Q: 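One structure is given below, represented as structure tokens, and several questions about it will come after.
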Protein chains: 2
Amino acid sequence: MTTAQHTPKLTARGAATRTRIVAAAADLVREHGAAGTSLDDVMAASRTSKSQLYHYFANKEDLLRAVAWQQTDRIVEAQRPDLDQLDSLAGLRRWRDKFVAARDGAQNVGGCPLGSLASELADGDPQTRVVLQKCFAAWASPLLIGLTAMRDQGHLRPDADPDALAEAIMAALQGGLLLSKTSRSSRPLARALDMAIDHVASFATVREAPVA
Amino acid sequence: MTTAQHTPKLTARGAATRTRIVAAAADLVREHGAAGTSLDDVMAASRTSKSQLYHYFANKEDLLRAVAWQQTDRIVEAQRPDLDQLDSLAGLRRWRDKFVAARDGAQNVGGCPLGSLASELADGDPQTRVVLQKCFAAWASPLLIGLTAMRDQGHLRPDADPDALAEAIMAALQGGLLLSKTSRSSRPLARALDMAIDHVASFATVREAPVA
DNA sequence: CGAGAACTGGACCAGCAAGTCCAGTTTTCT
DNA sequence: AGAAAACTGGACTTGCTGGTCCAGTTCTCG
């Protein structure tokens with residue numbers, strides 16, 4: 001996807017430095033949250049100085065917007081190729097399984113890097129809120145594409161609304177991740193995603209038994 | 001519910017002060033988040049001093065735990081009596097409608113006071129995590145009761161798992177609130193809750209048309 | 001009534017936060 | 001080459017943070 005946005009005039013070295021900053025900040029923010037990450041931390045982790053931070057970003061909020069894009073890129077990247085094969089119930093279930101397994105692999109510590117960021121920043125700067133919104137949309141895009149394909153190929157009834165389905169799945173995903181992080185168990189996430197996929201299945205033209 | 005926990009020896013005045021502190025802190029945290037609320041802010045809003053804060057609470061984290069209980073109490077209280085009549089699909093839909101309307105009434109600003117707190121604190125102090133977990137359980141309890149009643153009365157098939165259903169609904173709720181807060185629209189919340197209720201309906205013994 | 005506990009006020013501290021500033025180096029481009 | 005622009009280092013400022021401390025007041029209860 002390469003979700004870059006503003007690039008005044010970057011030399012190779014400058015680009016590398018900027019990348020280094022964003023990568024380090026993304027790691028720290030994922031682990032400690034936006035408020036819990038200081039610019040000094042970012043400096044140390046990226047081996048840069050204050051002036052470099054302020055050379056590439058207007059302020060902390062600006063850096064956090066870049067981090068949001070970065071987290072989105074990472075998420076989408078990590079879920080390929082499954083994310084590109086969400087055009088069948090089997091594909092959805094495969095994706096679900098991988099997702100749940102990945103959370104278990106991380107001991108269900110830390111929720112969604114993007115969801116946490118949204119929870120923390122969506123009520124602040126409007127500019128940031130819009131970025132977060134676009135990040136969610138970017139993530140949901142493959143879902144939307146898959147569902148639309150399913151409907152167009154006649155696997156879903158014509159009255160199925162891919163947009164509504166994708167949004168509901170994302171909600172189940174985010175809520176499931178939040179509860180999973182709180183209870184340190186993948187169960188809420190698994191149940192939420194099962195519900196969401198069953199919901200899609202309820203629009204299928206070919207009946208089949210639910211997962212449960 | 002009255003979810004109090006530790007009370008060493010409180011006089012009437014002391015209890016009043018403590019209550020004042022928690023109420024003020026809850027307001028501030030709902031609006032600015034836990035990290036965005038300083039003890040000085042709490043002091044000013046509750047007309048107390050540092051020594052009072054530290055007289056009633058061991059530290060900030062301790063105060064935040066009290067705030068979590070308080071938010072839970074407020075949420076549950078605000079949703080009565082609908083929360084006590086979740087023993088039918090009609091009851092669930094009534095609750096859904098009120099909830100969505102309330103979010104619209106608040107211009108969809110600010111997510112779930114409990115959800116935001118969980119997102120921010122669940123990865124920190126384990127003691128706090130457990131409190132958050134219990135808060136979610138307390139909130140979900142009426143849901144669980146209603147669903148269990150529905151099954152016991154034969155309105156849901158015997159293989160319906162009230163616990164799983166309640167958890168999935170809570171996930172949809174939290175995820176819907178997060179996306180709604182990010183997009184400043186109640187649509188994601190509405191879609192998520194519709195999905196969740198349709199999911200419950202899919203276990204109903206008496207068939208009926210879905211909402212959509 | 002009187003002693004001890006509950007309660008209160010606010011000065012104070014050490015550390016850390018974001019953001020500013022300037023002097024110096026490296027790269028680019030003509 | 002040489003000027004402009006991109007880039008870097010880090011000291012410094014200002015304000016706020018959670019937390020400590022102590023001196024004083026009010027309440028409870030035998």
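Quick caveat: nothing in here was measured; it's all calculated off a predicted structure. For the numbers below, each heavy atom of this structure counts, side chains included, while hydrogens, waters and symmetry mates do not. So you know, we letter chains A, B, ... as the sequences are listed, proteins then strands, and number each from 1.
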Q: Below 4.5 Å, heavy atoms only, C-beta onward: do Leu53(B) and Ile21(B) meet side chain to side chain?
A: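 A side-chain contact exists here, since the closest heavy-atom pair is under 4.5 Å.
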Q: CZ of Arg13(B) versus C1' of dG9(C): gap in Å, rounded?
A: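 Those two atoms, CZ and C1', are 12 Å apart.
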Q: Side chains of Arg65(B) and Thr128(B): do they bring a donor and an acceptor to under 3.5 Å?
A: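 Checked: Arg65(B)/Thr128(B) side chains pair up, N/O donor to acceptor below 3.5 Å.
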Q: If you compare every side-chain N and O of Ser38(A) against the phosphate oxygens of dA17(C) (OP1, OP2), does one of them come in below 4.0 Å?
A: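 For dA17(C), OP1/OP2 do have a side-chain N/O of Ser38(A) under 4.0 Å.
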Q: Has Gln52(A) got a side-chain N or O lying under 4.0 Å from the OP1 or OP2 atom of dC7(D)?
A: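 No, no such contact exists.
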Q: Verify the contact: side-chain N or O of Thr11(A) to OP1 or OP2 of dA5(D), cut-off strictly under 4.0 Å; return yes or no.
A: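 Negative; the distance criterion is not met.
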Q: In this structure, how many angstroms lie between the P atom of dT8(D) and the CG atom of Leu10(A), rounded?
A: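 Distance, rounded to whole Å: 10 Å.
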Q: By nearest atom, which of the nucleotides dT8(D), dG19(C), dC7(C) is closest to the Tyr56(A) side chain?
A: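 Within the option list, the nearest is dT8(D).
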Q: Regarding Thr48(A) and Ser46(A), is there a side-chain donor-to-acceptor distance under 3.5 Å anywhere?
A: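 Yes, a side-chain donor-acceptor pair sits under 3.5 Å.
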Q: Atom CG of Asn59(B) and atom C1' of dT17(D): how far apart are they, to the nearest Å?
A: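 Atom-to-atom, Asn59(B) to dT17(D), this comes out as 14 Å.
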Q: Does a side chain donor of either Asn108(B) or Ser180(B) reach within less than 3.5 Å of an acceptor in the other side chain?
A: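 Asn108(B) vs Ser180(B): no donor-acceptor pair found between side chains.
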Q: For His55(A) and dA23(C), what is the distance between atoms NE2 and P respectively, to the nearest whole Å?
A: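 Those two atoms, NE2 and P, are 18 Å apart.
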Q: Please report, rounded to the nearest Å, how far the C1' atom of dA6(C) is from the CZ atom of Arg18(B).
A: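 The distance from CZ of Arg18(B) to C1' of dA6(C) comes to 15 Å, rounded to the nearest Å.
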Q: Specify the separation, in whole Å, of atom NZ of Lys50(B) and atom P of dG10(C).
A: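 For the pair Lys50(B) NZ and dG10(C) P, the rounded distance is 13 Å.
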Q: Please determine if a side-chain N or O atom of Ser51(B) lies less than 4.0 Å away from the OP1 or OP2 oxygen of dC21(D).
A: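 The answer is no; no side-chain N or O of Ser51(B) sits under 4.0 Å from OP1 or OP2.
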Q: Kindly assign one of parallel, tilted or perpendicular to the pair Trp139(B) and Phe136(B), based on the angle between their ring planes and the thresholds 30° and 60°.
A: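 Judged by the thresholds at 30° and 60°, the geometry between Trp139(B) and Phe136(B) is parallel.
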Q: At under 4.0 Å, does any side-chain N or O of Lys60(A) touch on OP1 or OP2 of dA18(C)?
A: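 Lys60(A) to dA18(C) OP1/OP2: side-chain N or O found under 4.0 Å.
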Q: Can you tell me how far C1' of dG9(D) sits from CE of Met43(A), to the nearest Å?
A: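 Answer to the nearest Å: 9 Å.
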Q: With DNA chain D as reference, determine whether Arg20(A) or Thr37(B) sits nearer its 5' end, using the nearest nucleotide of each.
A: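 Closest to the 5' end, via its nearest nucleotide, is Arg20(A).
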Q: Starting the side chain at C-beta, find the nucleotide from dT8(C), dT26(C), dG19(C) nearest to Thr17(B).
A: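 Among the listed nucleotides, the one closest to the side chain of Thr17(B) is dT8(C).
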Q: To the nearest Å, how far apart are Leu53(A) CG and dT20(C) P?
A: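 Rounded to the whole Å, the gap is 13 Å.
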Q: Looking at Tyr54(B), does any N or O in its side chain come under 4.0 Å of the phosphate oxygens OP1/OP2 on dC21(D)?
A: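 For dC21(D), neither OP1 nor OP2 has a side-chain N or O of Tyr54(B) closer than 4.0 Å.
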